[in-house]
Amino acid sequence: MNSVSQQQNSGTALGSETEKNAGGTNTRETKQASGKQLVAIIFILAMATKMFLLPIFLIQSAGRDGYIILAIYGAFDLITLVPILITIRKSDVDIFELLSSVLGKVGAKIAVVIIWLFMFFKLNTAVAEILTFYGTNVLADFDTSMMVVVLLVFLAAAGTHTLRSLSRLNELLVPIIVICLAVLVAIVALTGFDLANIFPAVADKKDFSFALLKHPTWVGDFTPLVLFIGRTKTKKYTWCFAAGSGVIGTAIATFFALALSAAFGNVPALVDATTNISNILQFSVGNVYGRLDMFSSVLWSVSVFIEAALFFYATCRCTSFVIGKNAHFIISLCTCVAVYVVQVFALTDPMIFSLTVTSYPSAIITPIMAAAIPCLALVCTVIYNIKHKNKAGAVGGR
């Protein structure tokens, strides 16, 4: 074979590999996350956005029963986590190859477009929560349009890096977040709150049902984990620790929602976007040391940046697969522009954001997608494994 033919064959092989890996993670190495990093990310996803504005919305709608609804949403997410963990365990190929093998190229791209729409919606929900929380509590005098630019710079960096980079960043920050959460839990426990305020439970079934059916937009936080399919090094007990971290994260979110419900459940009119964990600690022991509770609240809120980065990363990888190009910088830049337009021109008013996330279309579509994406991944994994097992048997029988 002459040198020209070798170059042509090499170019063809490289081109096919590039097309196959579109939507991948910027590297030819398959395994990019460890089981320990998966466990840490599940912990973050279980509680991040469920500790921002959701408890406030639930208390406004359901009063003292808000924490019960949050616990139900958390349980729903934990159920959807099961097929994702099974798929990660049983599949050696990524989600895009699974879909392409089972649904075909066209079917896979249609499915990924639908997944992209969901990821983009969840991304904007997380970004809007970040802007609302920091815009009303931490950086009240900072212009929102500038704040979103600073946030998008971080997200763009996440979109142009690999899954390994995101996993390592999360692994680095989780110990800090855990320490801050432990400080907050200790302060709340030492300060105490009147549990009698949460009784009687579900006294008004109509309001409870209305609030339950109105806020499912906050489920589906584990869906970015489909990117870990085929890319995670796991050990024997990874699944136990992964499930346990999800339960612990959900329990922490429920605990703080319980504390807020006990403090404001009987006076829901006093709760708004400026209410955060520190508002229930007016007489906390943290005040003696200069409001440790406020400092810890700001630091644990970093977890929602991680969740937003994962949804941004998932959105970019879905785009990459659909267009068949690994132009990660351009895709990240375009996604940033799209998010900026949505945040500054569509969701600039917190009231508009509230109406959007509590609308009936959002309340219906979000839980359907939150359950459908993990189940689709699991079904495709089963079909893929059966298909390749039969192929291996046919080759072996010749």
Side-chain angles (χ1 to χ4, degrees), residues 20-48 77-78 80-99 112 115 119 122-123 126 154-155 157-178 220-249 302-318 320-321 326 328 332 373-374 377-378 380-381 384:
K20 178 180 177 182
N21 290 333
T25 51
N26 301 6
T27 179
R28 296 182 183 182
E29 185 180 346
T30 301
K31 305 295 184 181
Q32 296 201 29
S34 66
K36 183 171 64 173
Q37 291 167 341
L38 176 65
V39 170
I41 285 176
I42 289 175
F43 174 75
I44 293 299
L45 292 177
M47 64 168 191
D77 270 348
L78 290 175
T80 64
L81 178 62
V82 174
I84 294 179
L85 292 179
I86 294 174
T87 305
I88 293 174
R89 182 179 183 182
K90 296 294 184 181
S91 178
D92 290 326
V93 297
D94 67 25
I95 183 66
F96 302 109
E97 187 171 344
L98 278 175
L99 294 176
V112 172
I115 294 173
M119 295 293 181
K122 292 290 291 183
L123 166 63
F154 165 71
L155 295 179
T160 55
H161 284 74
T162 64
L163 190 63
R164 175 184 289 107
S165 300
L166 276 177
S167 299
R168 286 179 174 174
L169 174 62
N170 181 77
E171 187 179 19
L172 178 66
L173 293 175
V174 160
I176 300 173
I177 294 170
V178 169
D221 290 335
F222 291 129
T223 48
L225 293 177
V226 295
L227 294 180
F228 287 77
I229 296 172
R231 299 187 180 277
T232 308
K233 302 175 185 176
T234 59
K235 296 181 180 180
K236 185 176 180 180
Y237 296 106
T238 296
W239 321 111
C240 297
F241 289 113
S245 69
V247 171
I248 293 172
V302 172
S303 61
V304 81
F305 287 87
I306 300 297
E307 179 165 333
L310 285 168
F311 276 110
F312 186 91
Y313 183 85
T315 301
C316 291
R317 293 304 170 266
C318 287
S320 181
F321 175 77
N326 275 328
H328 296 305
S332 296
I373 292 174
L378 180 58
C380 288
T381 297
Y384 180 90

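Just so we're clear, the structure is a prediction, and the values are computed from it rather than from any experiment. We're numbering straight along the sequence, starting at 1.
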Once rounded to the nearest 0.5 Å, what's the spacing between atom [atom1] of [X] and atom [atom2] of [Y]?
| X | Y | atom1 | atom2 | answer |
| --- | --- | --- | --- | --- |
| Leu227 | Met119 | CG | CE | 6.5 Å |
| Thr238 | Gln37 | OG1 | CD | 11.5 Å |
| Ile44 | Leu310 | CD1 | CG | 9.5 Å |
| Ile84 | Thr381 | CD1 | OG1 | 11.0 Å |
| Ile42 | Ile248 | CD1 | CD1 | 11.5 Å |
| Lys90 | Leu85 | NZ | CG | 12.5 Å |

Is [X] reaching over with its side chain to a backbone N or O of [Y], donor-acceptor style, under 3.5 angstrom?
| X | Y | value |
| --- | --- | --- |
| Ser245 | Val39 | yes |
| Arg317 | Gly159 | yes |
| Ser91 | Ile88 | no |

Any side-chain heavy-atom pair from [X] and [Y] closer than 4.5 angstrom?
| X | Y | result |
| --- | --- | --- |
| Asp94 | Ile229 | no |
| Asp77 | Thr80 | yes |
| His328 | Cys316 | no |
| Ser167 | Phe228 | yes |
| Leu38 | Leu225 | yes |
| Val178 | Phe43 | yes |
| Asp221 | Lys122 | yes |
| Ile176 | Val302 | no |

Least distance between heavy atoms, [X] atom then [Y] atom:
| X | Y | result |
| --- | --- | --- |
| Ile115 | Cys318 | CG2-SG, 4.0 Å |
| Leu98 | Ala377 | CD1-O, 4.3 Å |
| Leu81 | Ala242 | CD2-O, 4.4 Å |
| Leu378 | Thr87 | CA-OG1, 3.3 Å |
| Leu99 | Cys380 | CD2-SG, 3.8 Å |
| Ala158 | Ala309 | CB-CB, 4.0 Å |

Legend entry - All pairs passing salt bridge (charged side-chain N to carboxylate O under 4.0 Å, His left out) where residues 165-176 contributes a residue, at least two apart: Lys36-Glu171
Legend entry - Member of Phe312, Phe305, Phe311 meeting the side chain to side chain contact (heavy atoms under 4.5 Å, CB included) criterion with Leu155: Phe312
Inset, instruction - Determine, step by step, whether Trp239 and Ile86 satisfy the side-chain contact (heavy atoms from CB on, under 4.5 Å) criterion, reporting the C-alpha distance in whole Å, the side-chain angles of both residues, the deciding distance to 0.1 Å, and the verdict. - result: CA-CA 8 Å; Trp239 321 111; Ile86 294 174; over 6 Å; no
Inset, instruction - Using the side-chain contact (heavy atoms from CB on, under 4.5 Å) rule, take Thr234 and Arg89 through it: C-alpha gap first, then chi angles, then the decisive distance, then the call. - result: CA-CA 8 Å; Thr234 59; Arg89 182 179 183 182; 5.7 Å; no
